[in-house]
Every structure is written in C-alpha cells, then in structure tokens.
Amino acid sequence: MKVTMKVLNWLLYQTHRWLGVVLGLFMFIWLLTGLVIMYSAPTTQNRTQQLAYGETLAPHGGWLSLGEVWRASSEQRKLAAMARKPKQEPSETHGHPESADHRKASPLPDAIADARLVRLAGEPIWLIEDVKGLRFALSVIDGTIRETSPDQAVGIAEKWFQAHEGKDQSDIRYVETVEYPIILRNRDNLRPFHRIEANDHTELLISSRTGEILHASTRWQRAFYWAGNWLHTFKPLDSLGFGHIRHEVQTWAGLTAAIATLSGLIIGWLRWRPGFAGKPTYSQGRTQPYREFWFKWHFWAGLIGGSFALSWAASGFIETNPWKWFSPANYSREELSRYLGSELPAAMSDWRPSELPFTENSVDIVEIVWTRLGGEAVLQAYTRDGQRLPLSPVGVSSRLSETALSDAVKRLAGDHRVSGQTLINEYDSYYYPRHNQGVNEKPLPVIRAEFNDDAGTLVYLDPQDGRLLNKLDRSRRVFRWLYSALHHWDFGWLYYRPLWDLWMLVWVSLGLVLGASSVVIGWKRLKRTFMPKKRKVGNRSAINELATETGN
C-alpha cells in the first residue's frame with residue numbers, strides 16, 4: 001500500500017511538472033488573450049448595428065412584389081444553387097452539420113424562409129433566404145439576381161460612411177475579394193466578401209451575394225482581434241495551412257491544460273498546512289512550503305485561483321464538443337422547413353411595396369420584413385433605432401395567431417407531444433442576451449415550448465413574427481452549464497456589470513500570475529534538466545531547494 005501511494009505521488013508530481021513545462025506559456029497566453037476578448041468590441045455586425053447603418057427605404061409604387069421577384073428569378077436561382085454547392089454551417093459551439101445522407105433522404109422544397117426589403121447603394125433589393133439556407137439578393141425592379149461587384153461594394157460603403165462618419169468618396173477604396181476571411185466566422189452562405197478600406201484604416205467586409213455589411217472594424221479593433229480571438233481560438237493554424245486539425249488541437253490542448261491544472265490543485269492542497277496567526281508549520285519557521293520567489297507565487301496563485309483556472313481549462317475543452325458528446329446547437333434545415341410549412345401565404349406573395357403609413361418626419365424606416373408560419377404571414381417595418389412597427393395590408397394581421405404558433409410548434413415536435421407552451425416576459429438561464437447584445441438580438445416576450453421527447457427539448461420563439469430563437473435539448477442544457485457558465489460566468493448575480501467585470505478581473509489576474517510563474521519555473525526545470533551545473537558536494541542549499549520543489 002505504501003509503495004502504491006509512493007508511486008501515485010511520484011506520478012502526480014511528474015505529470016504536473018512536465019505538463020506545466022509544456023503548457024505554462026500556453027496557459028499564460030490563453031488567459032491573456034481571454035482578457036483581451038473580454039474588452040474587445042465585436043466586429044461582426046449584429047442586428048442592431050445593421051439597422052443603425054441601413055439606408056432609408058422610402059418605398060413607392062412600381063416595385064415588384066415578393067412573389068413576382070421569386071418567380072422571375074427561378075431559373076437564375078437554380079443555376080446559382082448548382083454553382084454554389086452550399087454546405088451546412090457549423091454552429092458557434094462546434095455543432096455538427098446534418099449529414100448529406102439525411103438531406104438526400106428528405107429533399108427540401110423551393111420555399112422562402114424569410115424576406116427583407118432594403119436599399120443597397122440606393123437600389124431596392126429583396127434579401128431572401130430559402131429553407132435550404134441559400135441567400136439571394138433579388139432586384140425589386142426586374143426580379144433578377146444581384147451579385148454585388150467591387151464597384152457596387154464601394155458604393156454601399158460610401159453610404160455607410162457618409163451617414164455616420166462624414167467621409168467623402170476619395171477616402172474609400174476597394175482592396176480585395178476574399179473567400180474565407182479569418183476575422184469572419186460562419187458566413188459560408190454569403191461568400192465571397194469584398195474588403196473595402198477607408199484612409200483611416202476602417203475596414204468593411206461586404207457580401208458579394210447580398211451586399212450586406214457583415215464586418216466593420218477600426219485598426220485598433222483588428223489589433224485587439226489578432227491579439228485576442230485569433231490567438232485564443234488557434235487561428236494561426238489556419239494561416240499555416242493546418243486549419244483541418246485546429247478543432248482536434250483545441251480539444252487536446254483544453255484536456256491537457258485541465259489535467260495539468262487539476263494535478264496542481266491536488267498537489268497544492270496536499271502540501272498546504274495552514275499556520276494560523278503566523279504560526280510556522282514548515283521548516284525554518286516558514287508558514288508556506290516554498291522559499292523561492294516564483295515557487296511561492298505559483299503556490300499561492302494556484303491554491304487560491306487554481307479552481308477558476310481549472311474551470312476555464314475544462315470549459316475550454318468542453319466548448320469544442322469533444323467526440324460529439326453534445327447534440328448540435330442549431331435546428332436542421334429539415335426541421336426549419338417543417339416548422340415553417342410549405343405554403344407561401346397569398347398576402348405575402350402578392351403585396352407590393354408602396355407608400356408607408358408613416359410620415360417621413362416621425363420615423364426612419366430602413367427595412368421591411370416578411371415572416372411566415374403555415375398559412376399566415378406578418379409584415380413588419382424596422383426603424384433605424386431598432387423599433388418594430390407592424391404593417392397590416394389587406395389580409396395580414398399585425399401578429400401571428402396563437403393557432404399558427406401552436407401548429408408550427410407541433411410540426412416541429414413531429415411525432416412527439418408538446419407538453420407545454422409558456423409566454424415569458426423575462427430572460428431565463430437558457431435564453432438571455434450576451435453583454436454585447438440587445439433586444440433586437442434577444443427580443444421579449446418569447447414563447448417557451450417544451451417537447452415530451454426523450455431529449456427533453458426546449459424551444460424559444462418570437463410570438464410576434466414566429467422566428468425560432470433558440471433550441472436546447474437536455475444535452476445542450478448540460479453544455480450551457482459546463483461551458484458557458486464556467487467559461488463566461490454569465491448566470492445569477494454574476495451576470496450583471498460591473499460586478500461581472502470585478503469578478504472576472506480578480507480571477508483572471510490570479511490565473512495570469514499562475515501562468516507567468518509556470519513559465520519561469522518550467523524554464524528553470526528545463527535548464528536544470530538539459531544544462532545541469534556542477535554542484536559542490538555538501539551544497540545543502542541546492543539540495544534543499546530541489547527537495548522542496550519536488551515535495552520530498
């Protein structure tokens with residue numbers, strides 16, 4: 001038994017020592033880049049920003065209806081779909097796409113999922129997404145597909161800059177067209193992208209398929225991205241041509257970091273003999289086990305902040321969805337098609353844009369949106385400041401009926417029973433905005449529907465327009481607590497700022513001390529191992545230091 005414990009003790013110290021040597025610098029950089037991410041402004045344009053930077057719509061008679069442009073573009077859309085060969089996008093949390101076999105077994109109809117009427121560089125455009133996930137920009141004038149050229153992208157950028165920063169045309173230039181910009185994630189159905197730059201180095205990425213501005217950043221914001229997200233998520237591997245193994249590298253790095261941190265925690269608690277009121281509990285009158293400066297900082301930073309370092313390492317491992325432990329985060333295209341229904345309501349197809357029932361001085365409409373469920377549809381106008389104003393042309397209600405919502409949820413549930421539907425007016429633990437989101441990204445109130453299936457599925461949807469906002473089965477709810485709660489600390493009273501900032505800064509700071517001391521100690525260990533110095537016989541100081549470090 002004593003021999004076994006001695007072997008286990010040796011293995012514990014050796015595991016922590018050499019994993020620390022390998023991962024000390026990695027852990028320090030990981031925590032430092034995480035701190036940068038905390039205070040980096042998001043560069044991907046969210047819904048609120050897209051509305052704020054949109055062009056005034058001002059529709060008038062003569063524009064084609066949604067049904068007319070959809071029918072007129074039929075052949076063009078078929079050719080475009082064949083050329084694009086779209087693939088299902090992975091989720092933000094490394095969800096796994098629906099298999100090709102499943103898509104082949106369940107062919108999806110040629111149907112509209114949602115449609116937005118906007119102006120791009122002065123031209124009125126229907127931006128349409130179909131149930132297969134394909135995105136199209138269709139002219140409201142003649143119904144043809146509009147692909148945004150570099151010159152048109154410059155025109156769109158001019159409108160964006162002139163409205164908010166007062167730049168003139170000479171300040172703005174086209175730089176290049178890129179397929180997969182590193183700084184933009186999960187936008188495969190909108191590629192390629194035109195990169196437009198102003199003289200002050202403000203940069204825009206504009207989709208060539210729809211003309212939407214998806215990314216806007218200053219030089220400082222991009223610097224924060226490279227110093228934060230790019231390093232934190234192992235993006236250098238993409239730049240070096242190893243993007244295909246990045247997910248696996250993240251998975252194993254997170255797991256190894258968690259093991260190294262856990263072994264350090266165990267060692268720290270085994271070695272700590274608290275000396276209350278300054279009472280010495282170690283040799284030479286010491287109250288802690290180490291004499292050397294970096295070892296002392298490493299011991300105390302690990303003992304106090306090690307649990308939080310472990311939570312970040314373990315949740316970073318969980319975030320990669322290792323070996324598909326958790327179900328996909330997003331609903332499939334087949335589920336979306338079933339939820340929406342195959343019918344395109346006549347009012348949605350036939351309505352022609354014309355003068356809006358609002359005076360120009362009272363509201364600034366930048367977008368009109370059609371959404372549908374089953375045989376019902378709603379039409380809403382969005383203002384520059386994010387307000388939703390219902391439009392009610394003949395045959396269209398200001399919001400979806402309870403029957404349409406209930407039937408759509410039943411279609412989504414499939415063979416399972418819907419065990420409950422609740423209208424909630426406050427955010428809960430599974431539906432809430434992140435710190436950089438607002439009501440346009442996470443509206444209230446919402447309907448929370450519960451399915452009586454084996455997975456215990458919860459679905460959140462917007463009762464006003466029927467949009468699916470979130471889907472979580474039991475697996476994804478576990479993921480929420482193992483990843484987001486332990487990585488972002490976004491629950492309970494910790495969610496609210498500035499308390500959240502104080503909490504995170506304290507523990508990240510301890511983690512940085514732990515990482516920095518690991519680097520120094522690891523370097524010393526490598527030097528001692530591979531460049532040993534001759535020691536005089538009887539040099540008790542060196543012997544004692546080594547014994548203290550190893551725990552003997």
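Ion pairing between D465 and R388 holds under the 4.0 Å rule for side-chain N and carboxylate O. Between R333 and E129 a salt bridge is recorded (basic side-chain N to carboxylate O distance below 4.0 Å). In this structure, R47 does not pair ionically with E441, as no charged nitrogen and carboxylate oxygen lie closer than 4.0 Å.
No hydrogens or angles considered: a donor-acceptor pair under 3.5 Å links the side chains of H215 and T43. Under 3.5 Å, the side chains of N321 and Y483 contain no donor-acceptor pair of N or O atoms. Judged by distance alone, the side chains of T371 and D114 never bring a donor and an acceptor atom under 3.5 Å apart.
The salt bridge (charged side-chain N to carboxylate O under 4.0 Å, His left out) check on E248 picks up nothing, with sequence neighbours excluded. Every residue meeting the salt bridge (charged side-chain N to carboxylate O under 4.0 Å, His left out) condition with R195, not counting sequence neighbours, appears here in chain and number order: E176, E203.
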Run E367 and L51 through side chain to side chain contact (heavy atoms under 4.5 Å, CB included) and show every step you take. CA-CA 8 Å; E367 189 171 296; L51 292 173; 4.1 Å; yes
Residue pair T383, D385: steps toward the side-chain hydrogen bond (donor to acceptor under 3.5 Å, both in side chains) verdict: CA-CA 5 Å; T383 65; D385 60 4; 2.3 Å; yes
Determine, stepwise, if the pair R222 / H201 fulfils side chain to side chain contact (heavy atoms under 4.5 Å, CB included). CA-CA 10 Å; R222 290 193 298 281; H201 300 289; 3.8 Å; yes
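Atom OG1 of residue T251 and atom CZ of residue R246 lie 11.0 Å apart, to the nearest 0.5 angstrom. Note that CG of L214 and CD1 of I183 are 12.5 Å apart. Values are rounded to the nearest 0.5 Å.
Between H247 and F234, the distance from one ring center to the other does not fall under 6.0 angstrom.
Residue pairs meeting the salt bridge (charged side-chain N to carboxylate O under 4.0 Å, His left out) criterion with at least one partner in residues 514-523, sequence neighbours excluded, do not occur; the list is empty.
Remark: R476 is positioned above the aromatic ring of F479, its terminal NZ or CZ atom under 6.0 angstrom from the ring centre and at most 45 degrees off the axis.
In this pair, W226 and W230 present their aromatic rings perpendicular. The plane angle is above 60°, beyond the 30 to 60° band. W503 and W507 have perpendicular rings, their planes meeting at more than 60° on a 0 to 90° scale where under 30° would count as parallel.
When R116, R146, E212 are each tested for a side chain to side chain contact (heavy atoms under 4.5 Å, CB included) with I125, only one passes: R146.
Annotation: side chain of P353 is in contact with side chain of W126 (closest heavy-atom distance under 4.5 Å). In this structure, L204 and W160 have side chains that are in contact, with non-hydrogen atoms separated by less than 4.5 Å. Using a 4.5 Å heavy-atom threshold, the side chains of R135 and R187 count as separate.
Under a cut-off of 6.0 angstrom, the local environment of CH2 in W481 is crowded, with over 12 non-hydrogen atoms contributed by other residues, nucleotides or ligands.
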